Amino acid sequence: MPELPEVETTIRELNKNRAFKVLNARFIDVWTDSPKLIKKPKSFKFFKEKIKNKKIKKIWRKGKNIVFTLSDNFYLLIHQKLSGHLLAGKWTREDSQWRPKNPKYLKDRVNTYIHLMFFLNNGGMIALSDLRKFAKVELLKRPEIEKELSAIGIDPLEKGFTFSKFQEALKNKKGEIKKVLMNQQTIAGIGNIYSDEILWEAKINPLRKACNLSKKELKTLYLATKTILKKAIKTKGSSVVDYRRISGEKGGFEKILKVYRKEGQKCPRCGAIIKKTKIGGRTAHYCPNCQK
DNA sequence: TGCAGTGTTGCTTC
DNA sequence: CGAAGCAACACTGC
């Protein structure tokens with residue numbers, strides 16, 4: 001689910017959460033019914049011991065990775081993968097024993113899949129809801145997180161994401177442009193939904209080879225990438241299936257999707273019928289008429 | 001009823 | 001080497 005705009009929305013909302021302050025709070029307890037979500041350290045017991053009393057100093061992201069900078073040079077890394085999303089709420093003493101059968105914080109059924117909860121010393125609770133349990137949670141030291149994040153390409157929201165950087169990243173890439181856009185080592189944060197939407201915006205066919213795009217087309221694509229991602233952040237992301245804001249509310253971007261999951265419908269720009277195909281094992285949606 | 005499909009990633013296989 | 005397939009998991013929709 002969550003691509004760059006959803007992850008950006010999550011960290012922005014965590015940073016300015018009103019119900020309780022997430023920044024500067026300390027972890028006092030962790031609960032899970034799926035210890036396999038915690039990849040490092042492998043033992044949940046060890047993870048729980050290590051994170052206890054650590055203070056949240058910063059919340060940021062690179063691509064789709066959420067990072068909590070903690071005290072003592074520790075970092076909490078969360079990748080939500082397909083169906084994960086973070087939720088935040090208040091908790092009471094009894095809740096630390098709470099098995100979330102009865103989702104009392106949560107308004108709709110998607111949010112019943114809570115598998116991990118962090119309890120903070122100021123009454124705050126951060127939960128990971130994840131239907132498919134693919135999410136990755138890691139507690140790392142500085143060299144480890146640097147190593148992990150350095151393998152990821154440039155984030156389109158970074159200041160350094162200039163046209164020449166974009167051009168450089170796409171140069172010599174032989175694969176289809178949609179596949180290249182989704183490759184996290186090339187550019188970080190774009191997944192299936194936004195690659196479809198960006199390519200529609202840029203009027204570029206997803207099947208085109210990246211290395212065959214003209215400079216003019218690359219420029220259009222670069223601008224469309226920024227436009228679409230910013231617009232999606234403004235509307236708090238897309239809740240096509242189960243992404244939620246930390247309050248449990250849905251995002252608003254899925255209401256204005258142009259092609260993603262719209263096969264058989266009319267292209268909002270030219271009226272031709274939107275097609276669905278497979279690219280690199282993923283579904284792609286595009287307008288065969290106006291995406292050249 | 002059963003099985004293909006689902007926003008991701010990384011590992012295995014050819 | 002790169003590309004393709006599949007596994008991790010649980011549910012929906014045809």
Side-chain angles (χ1 to χ4, degrees), chain A residues 1-10 32-40 42 61-66 77-86 100-101 103 108-116 128-138 147-153 155 172-200 206-207 209-211 228-229 232-233 235-245 250-255 257-264 276-285:
Chain A
M1 88 66 228
E3 303 181 30
L4 187 150
E6 291 77 26
V7 178
E8 178 68 20
T9 302
T10 300
T32 187
D33 64 354
S34 308
K36 277 168 85 180
L37 291 171
I38 286 108
K39 315 290 180 191
K40 287 181 191 168
K42 273 187 187 140
R61 64 160 191 92
K62 183 167 183 190
K64 303 171 193 171
N65 296 273
I66 299 174
L77 176 78
I78 300 178
H79 193 303
Q80 310 180 101
K81 299 277 181 87
L82 267 86
S83 61
H85 55 266
L86 292 181
K101 275 180 193 151
D108 69 279
R109 52 162 293 289
V110 167
N111 294 324
T112 65
Y113 300 102
I114 289 182
H115 295 298
L116 180 65
L128 175 69
S129 169
D130 187 10
L131 183 147
R132 293 174 71 180
K133 300 188 198 166
F134 285 170
K136 170 174 98 172
V137 178
E138 298 178 335
K147 197 177 156 216
E148 276 205 34
L149 295 184
S150 68
I152 301 173
D155 187 289
N172 303 328
K173 294 283 188 297
K174 282 177 284 176
E176 294 95 342
I177 183 63
K178 176 179 168 73
K179 220 176 131 182
V180 173
L181 283 178
M182 287 198 296
N183 184 332
Q184 301 303 298
Q185 279 96 278
T186 309
I187 297 169
I190 300 170
N192 211 18
I193 299 176
Y194 293 103
S195 55
D196 276 358
E197 294 297 312
I198 288 165
L199 287 163
W200 181 85
L207 291 155
K209 304 288 183 217
C211 56
I228 292 293
L229 294 176
I233 291 167
T235 55
K236 317 286 183 199
S238 313
S239 300
V240 176
V241 180
D242 54 9
Y243 167 71
R244 290 299 181 276
R245 295 168 60 185
K250 289 191 172 196
F253 194 74
E254 83 272 12
K255 294 192 200 87
L257 291 172
K258 308 292 190 204
V259 283
Y260 178 73
R261 287 200 174 181
K262 304 279 186 195
E263 69 272 18
K276 183 169 122 172
T277 187
K278 279 259 191 244
I279 300 175
R282 313 293 304 279
T283 47
H285 311 79

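This one's a predicted model, so the numbers in the text were calculated from it and none came from an experiment. By convention in this document, chain letters (A, B, ...) are assigned in the order of the sequence lines, proteins followed by strands, and residues within each chain are numbered from 1.
Going from atom CD1 of A:Ile66 over to atom CG of A:Leu86 covers 4.5 Å, rounded to the nearest 0.5 Å. Distance check, rounded to the nearest 0.5 Å: CD of A:Glu138 to NZ of A:Lys39 gives 8.5 Å. The CG atom of A:Leu149 lies 6.0 Å from the CG atom of A:Leu77; values are rounded to the nearest 0.5 Å. Here A:Gln184 contributes atom CD and A:Met182 contributes atom CE; the two are 9.0 Å apart, rounded to the nearest 0.5 Å.
OP1 or OP2 of B:dT9 lies within a sub-4.0 Å distance of a side-chain N or O belonging to A:Gln184. Taking only side-chain nitrogens and oxygens, A:Lys39 never comes nearer than 4.0 Å to OP1 or OP2 of C:dA8. The shortest distance between the side-chain N/O atoms of A:His79 and the OP1/OP2 oxygens of B:dT9 is below 4.0 Å. Regarding contacts with the backbone of C:dC11, a side-chain N or O of A:Tyr113 is found under 4.0 angstrom from either OP1 or OP2. When the side-chain nitrogen and oxygen atoms of A:Lys81 are compared with OP1 and OP2 of B:dG7, none of them lie within a distance under 4.0 Å. Put simply, A:Lys36 has no side-chain N or O that comes within less than 4.0 Å of OP1 or OP2 on C:dA8.
If you take CE of A:Met182 and P of C:dA3, they are 14 Å apart, rounded to a whole angstrom. Rounded to whole Å, atom C1' of C:dA7 lies 16 Å from atom NZ of A:Lys133. Separating the NZ atom of A:Lys179 from the P atom of B:dG10 is a distance of 15 Å, rounded to the nearest angstrom. Atom NZ in A:Lys136 sits roughly 17 Å away from atom P in C:dC9 (whole-Å rounding). The CG atom of A:Asp196 sits 15 Å away from the C1' atom of B:dT8 (whole-angstrom rounding). Atom NZ in A:Lys209 sits about 16 Å away from atom P in C:dG2, given to the nearest Å. One atom, CD1 of A:Ile279, and another, P of C:dA3, lie 15 Å apart when rounded to the nearest Å.
When the P atom is compared between B:dA4 and C:dA7, the two are found 13 Å apart, to the nearest whole Å. One P atom belongs to C:dG5, the other to B:dG5, and the distance between them is 13 Å to the nearest Å. For C:dC14 and B:dG7, the P atoms lie 15 Å apart once the distance is rounded to whole Å.
Using cut-offs of 30° and 60° for the angle between ring planes, the A:Tyr243 and A:His85 rings count as perpendicular.
Using a 4.0 Å heavy-atom criterion, one finds that A:Lys64 contacts the sugar-phosphate atoms exclusively.
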Name every donor-acceptor pair, under 3.5 Å, that has one atom in a side chain of residues 173-181 of chain A and the other anywhere in the protein, sequence neighbours excluded.
| residue | atom | partner | partner atom | Å |
| --- | --- | --- | --- | --- |
| A:Lys173 | NZ | A:Ala169 | O | 3.1 |
| A:Lys178 | NZ | A:Asn192 | O | 3.3 |
| A:Lys178 | NZ | A:Asn192 | OD1 | 2.5 |
| A:Lys178 | NZ | A:Ser195 | OG | 2.8 |
| A:Lys178 | NZ | A:Asp196 | OD1 | 2.8 |

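Donor-acceptor pairing under 3.5 Å is recorded for the side chains of A:Asp33 and A:His115.
Here A:Lys136 pairs with A:Glu148 under the side-chain hydrogen bond (donor to acceptor under 3.5 Å, both in side chains) rule; sequence neighbours left out. For A:Arg61, the side-chain hydrogen bond (donor to acceptor under 3.5 Å, both in side chains) partners two or more places apart in sequence, or in a different chain, are A:Glu8, A:Asp155.
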Just the table, please: protein N/O against nucleotides 12-14 of chain B N/O, every pair under 3.5 Å.
none

Protein-nucleic acid N or O pairs under 3.5 Å, nucleotides 3-6 of chain B:
| residue | atom | partner | partner atom | Å |
| --- | --- | --- | --- | --- |
| B:dT6 | OP1 | A:Thr283 | OG1 | 3.4 |
| B:dT6 | OP2 | A:Lys278 | NZ | 3.4 |
| B:dT6 | O2 | A:Arg132 | NH1 | 3.2 |

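Both stacking criteria are satisfied for A:Phe134 over the base of C:dA8: a centre-to-centre distance under 5.5 angstrom and an angle between ring planes under 30 degrees.
Contact annotation: the side chain of A:Asn172 never approaches that of A:Cys211 to less than 4.5 Å [non-hydrogen atoms, C-beta and beyond]. Side-chain contact between A:Ile233 and A:Leu4 is present, with at least one heavy-atom pair separated by less than 4.5 Å. A:Lys262 has its side chain within reach of A:Leu257: a pair of non-hydrogen atoms, C-beta onward, lies under 4.5 Å apart.
Across all non-hydrogen atoms, the minimal contact from A:Lys81 to A:Phe134 is CG-O, 3.1 Å.
In DNA chain B, the stems built from three or more successive Watson-Crick or G-U pairs (distances below 3.5 Å) are B:2-6 with C:10-14, B:8-14 with C:2-8.
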